[in-house]
Amino acid sequence: MERLDSPREPQAARRSITVLGATGSIGCNTLDLVARHRERFAVEALTGNRNVERLAAQARAVGAKLAVTADESQYGALKAALSGSGVEVAAGADAVIAAAERPTDWVMAAIVGAAGLKPTLAAARRGAIIGLANKECLVSAGSLMMAEITRCGATLIPVDSEHSAIFQVFDFANANTVERITLTASGGPFRSRDLAQMASVTPAEAVAHPNWDMGAKISVDSATMMNKGLELIEAFHLFPVRGEQIEIVVHPQSVIHSLVTYIDGSVLAQLGCPDMRTPIAVALAWPHRMVTPAARLRLADIGQLTFEEPDEIKFPALRLAREALQAGGAATAVLNAANEVAVHHFLAGAIGFLEIPAVVEETLAICERGAATTLDEILAIDGEARRCAGMIVETARVRRASLAFG
Ligand code: NAD
Ligand code: MG
């Protein structure tokens, strides 16, 4: 047991790290912390997609050994941006996987979407400690991922704020004393709009989250509340509980990040100001802790914390996610793939906001989704679901165009 008078930041050994998705919101927050604690971390590799300018600047700033762009067409631009730096450069999806395979103590999995599945799996298979932000890889392939984590002696530390909260207050040694876990949801920017108002929501409105500054896809997921549905499935895989033991409560202030209820009626929660650097720090420093510049919580300044039941009529994504979890098999992989396609088309202006859950629901209804256990089977179902969802979007577009003509 750690002594109460032990130093505030115990001297942990220097940790070698790789950041997958370094150029995104989570990646930038991770590197912000690394820059504040240079003595604690040695950066092996950073990966990004198209924003090679940012990737190159990050690699120079933290002295990374390798920078990888997932987009092969950006190889030349990245090479030029890093010329004279001594940073090795690579490009392509396989190079991202190879970066994850490099022997480091710790990996941040912060690629958005199922694109993060193979690299995260690669880090798991070499037994790394993984800070997991990329929830989609658990929604798509949770059983496979968790089995590989156990088989290969890897460690998964959740970065999603709700799961980080539960991780911090869950008594893993006495899991049978946990009665339920409660995920809090901000309710997103459209919590108090009615359905008619939600129909005309624009991509710009949907990506402007009231409490958190995040990437475009997760911001839209928060607005449809699919994010909470994905998190329900994520929690099911991360913690030893049944689906029925996980509940969701809307808490617009995002101060209580989640709660665990024990069989004696005790409820343990983790609180903090909404700043992703706190849960990222929990994962980066685990099993120790590290100082962050996150604003400190002053409850008297906040005054009131409020709670309400989620509205599954306005936010059908919650129901779809719960049904997919109950259905089991590859249903959650279909849910995830269809949602990625629908969000992509919404952001491109091709479908309306309310069509996002509608596309997901229709894809779940028509797409073949038997059991999927191997990575190849999961990827095949993911591909088929993307094809179905794309077809549904296209049919809706043609119908709309013909109505406009008619
Ligand atoms: P983001 O869009 O800001 O960043 C995504 C990162 O993934 C970027 O570095 C991008 O270059 C990279 N990327 C995109 N497509 C890729 C591809 N095909 N191959 C390789 N790399 C690719 O997203 P974000 O907000 O940082 O979220 C990242 C993940 O973390 C998501 O799964 C999200 O659900 C999760 N998450 C984010 C937050 C948050 O506050 N931003 C909170 C909880 C969980
Ligand atoms: Mg979250």
Side-chain angles (χ1 to χ4, degrees), residues 18-32 45-56 58-59 67-74 78 90-100 108-120 122 130-140 158-167 183-188 207 209 211-222 225-235 238 248 251 254 256-258 270 272 274-280 282-283 294 336 339-340 343-344 347:
T18 283
V19 181
L20 307 171
T23 53
S25 163
I26 293 287
C28 289
N29 277 315
T30 306
L31 292 179
D32 174 81
L46 301 180
T47 80
N49 199 23
R50 295 200 188 102
N51 193 345
V52 291
E53 304 288 294
R54 180 179 292 171
L55 182 61
Q58 290 175 322
V68 181
T69 163
D71 184 343
E72 280 181 41
S73 72
Q74 296 297 317
L78 183 60
D94 287 343
V96 175
I97 298 170
M108 167 54 84
I111 293 172
V112 60
L117 176 54
K118 281 187 183 173
T120 308
I130 300 171
L132 185 80
N134 177 216
K135 66 192 85 184
E136 294 92 343
C137 72
L138 283 187
V139 176
S140 218
V159 167
D160 217 347
S161 58
E162 299 76 4
H163 306 73
S164 172
I166 295 168
F167 177 75
L183 303 176
T184 53
S186 70
V207 296
H209 193 278
N211 303 344
W212 301 94
D213 182 10
M214 310 181 285
K217 193 257 176 185
I218 183 176
S219 298
V220 176
D221 285 347
S222 298
M225 290 195 77
M226 179 59 89
N227 184 49
K228 215 46 58 179
L230 302 180
E231 290 183 356
L232 169 81
I233 299 163
E234 180 185 15
L238 285 173
I248 292 165
H251 165 44
S254 301
I256 299 182
H257 297 312
S258 278
Q270 185 263 356
D275 184 329
M276 284 309 292
R277 288 176 298 185
T278 296
I280 292 170
V282 171
N336 180 66
N339 182 57
E340 285 191 30
V343 171
H344 169 82
L347 286 171

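Starting from 1, each residue takes its place in the sequence as its number. Remember, it's 1-based here, ligands and their atoms both numbered in the order they're listed.
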Worksheet item: Under 3.5 Å, side chain of Thr30 to main-chain N/O of Ala22, donor-acceptor pair present?
Response: no

Discussion item. Does Val112 form a side chain to side chain contact (heavy atoms under 4.5 Å, CB included) with Glu136? I'd like the steps, not just the answer.
Written reply: CA-CA 7 Å; Val112 60; Glu136 294 92 343; 3.9 Å; yes

Discussion item. Please tell me whether Asp71 and Thr69 have a donor and an acceptor in their side chains that are separated by less than 3.5 angstrom.
Written reply: no

Item to complete: Keeping to residues at least two apart or across chains, list the side chain to side chain donor-acceptor pair (under 3.5 Å) pairs with something in residues 225-234.
Response: Lys135-Asn227, Lys135-Glu231, Glu162-Lys228, His163-Glu234, Asn227-Glu231, Lys228-Glu231

Fill in: Separation between CG of Asn134 and CD1 of Ile218, rounded to the nearest 0.5 Å
10.5 Å

Item to complete: Select all protein residues for which some heavy-atom-to-ligand 1 distance is less than 4.0 Å, and list them by chain and number.
Response: Gly21, Ala22, Thr23, Gly24, Ser25, Ile26, Gly48, Asn49, Ala70, Ala110, Ile111, Val112, Ala115, Ala133, Asn134, Lys135, Glu136, Asp160, Met214, Gly215, Ile218, Met276

Discussion item. Please report, to 10°, the angle around the Mg ion (ligand 2) from atom OD1 (Asp160) across to atom OE1 (Glu162).
Written reply: 100°

Worksheet entry | Greater than 12 external heavy atoms within 6.0 Å of Asp213's CG | no

Worksheet item: Can a donor-acceptor pair be found between the side chains of Ser186 and His209 at a distance below 3.5 Å?
Response: yes

Worksheet entry | Name, closest N/O/S atom of Glu231 to the Mg ion (ligand 2) | OE2

